[in-house]
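First comes the structure, then the notes that go with it.
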Amino acid sequence: MKNRRKEIYAANWKMNLDSGDIRGFMERIVPYAGTVDAEVMIFPPAVYLSSVAEQAAGSPIGVGAQNMFWERNGAYTGEISALMIKDCGAGYVLCGHSERRHFFGESAEMVTRKAGAAQDEGLIPMICVGETLEEREQGETLEVLHKDIYCSLSDVKPDKRVIIAYEPVWAIGTGLTATPEDAETAIAYIRDQVRELWGDLADAIRILYGGSVKPGNIAELMACPNIDGALVGGASLHADSFIDIIQNGVNR
Ligand code: 13P
């Protein structure tokens, strides 16, 4: 089953790195990405999208934005549109990262609207879902994921290129990683929810794990049948550790 889904290793730089750091990173990752049987993606801060896309040109690296607004253009100070992301040479966009939901008040309705608008412009959305520590401790993880998936996909057209990332909020930037068993249970459940909505397309959808992924824990995560890759924050800021993650994931 998994063999039919190409793995994805994605770097979410969040609000980190400058143009000098990025140049150094790209010099390492561009030649490497062509040698590995997996999709490598980078989500830089929006101001560096064009530059990263230019440096990645001719390589198989996918480039995406960390956020967008659903309108094409207009008086929305500080926002960027799918059209602009595409114009920068990028092909992907994160929708509903937990930091957007929790620090910037994005609701599930906003997330699905963004993801639908991304599709309308030909971008591929990577939709992020995951429970908080409190929800987990209350035993509400699956309920939260059910709601997240149903709401987040409600404006999204069924398409096997759509990507989902399961990022338990308590595991992001904390050094705490979900056990492979917990991550597999949650991701298998997410796939079941997608199956209820989209039928057999669920078998083709890539679902990634994110939350304190490191070179030392990626192999056991990638050994799980439903985990199709990783969305990496902190450990993706240095080319060495990001490449080690990809290498250890692919060669598990
Ligand atoms: P960390 O890898 O730093 O925990 O971040 C995960 C994440 O939020 C990726 O989107």
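Whatever order the structure lists ligands and atoms in, that order sets their numbers, starting from 1.
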Output yes when a side-chain donor or acceptor of [X] lies under 3.5 Å from a complementary backbone atom of [Y], and no otherwise.
{"X": "S81", "Y": "N73", "value": "no"}
{"X": "E143", "Y": "E140", "value": "no"}
{"X": "R206", "Y": "I163", "value": "no"}

Residue [X] vicinity, atoms of ligand 1 by number, heavy atom under 4.0 Å:
{"X": "S212", "value": "1 (P), 2 (O), 4 (O)"}
{"X": "G173", "value": "1 (P), 3 (O), 4 (O)"}
{"X": "E167", "value": "6 (C), 7 (C), 8 (O), 9 (C), 10 (O)"}
{"X": "G211", "value": "4 (O), 6 (C)"}
{"X": "N12", "value": "9 (C), 10 (O)"}

Aromatic contact between W13 and Y48, with the criterion being ring centroids under 6.0 Å apart: yes or no?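 Here the rings of Y48 and W13 have centres that are no less than 6.0 Å from each other.
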For ligand 1 and [X], I'd like to know whether there is a polar contact (N/O to N/O, distance under 3.5 Å).
{"X": "T174", "value": "no"}
{"X": "L231", "value": "no"}
{"X": "E99", "value": "no"}

Please state which option from K14, H97, M126 has its nearest heavy atom closest to atom 5 (O) of ligand 1. K14
Would you say [X] contacts ligand 1, with heavy atoms under 4.0 Å as the rule?
{"X": "G210", "result": "no"}
{"X": "K214", "result": "no"}
{"X": "A171", "result": "yes"}

How close does the nearest protein non-hydrogen atom get to atom 2 (O) of ligand 1, and which residue and atom is it? G233 N, 2.9 Å
In the protein, which heavy atom is nearest to atom 3 (O) of ligand 1, and how far is it?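 Looking at atom 3 (O) of ligand 1, the protein heavy atom closest to it is G234 N, 2.8 Å.
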Can you sort out the partners of F43 under ring pair (Phe, Tyr, Trp, His ring centres under 6.0 Å), two or more places apart, ordered by chain and number?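 Testing F43 for ring pair (Phe, Tyr, Trp, His ring centres under 6.0 Å), a comparison that skips the adjacent residues, returns none.
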Kindly determine whether K6 and E39 satisfy salt bridge (Lys or Arg N to Asp or Glu O under 4.0 Å), including the steps that lead there. CA-CA 7 Å; K6 191 157 187 179; E39 282 181 43; 5.5 Å; no
For the residue pair R101 and G96, what are the closest heavy atoms and their distance? NE-O, 2.8 Å
Answer yes or no: does atom CG of D18 have more than 12 heavy-atom neighbours from other residues, nucleotides or ligands under 6.0 Å?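 More than 12 heavy atoms, drawn from other residues, nucleotides or ligands, come within 6.0 Å of this atom.
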Would you sort out whether K160 and W198 count as a side-chain contact (heavy atoms from CB on, under 4.5 Å), showing the intermediate values? CA-CA 10 Å; K160 67 177 184 196; W198 289 0; over 6 Å; no
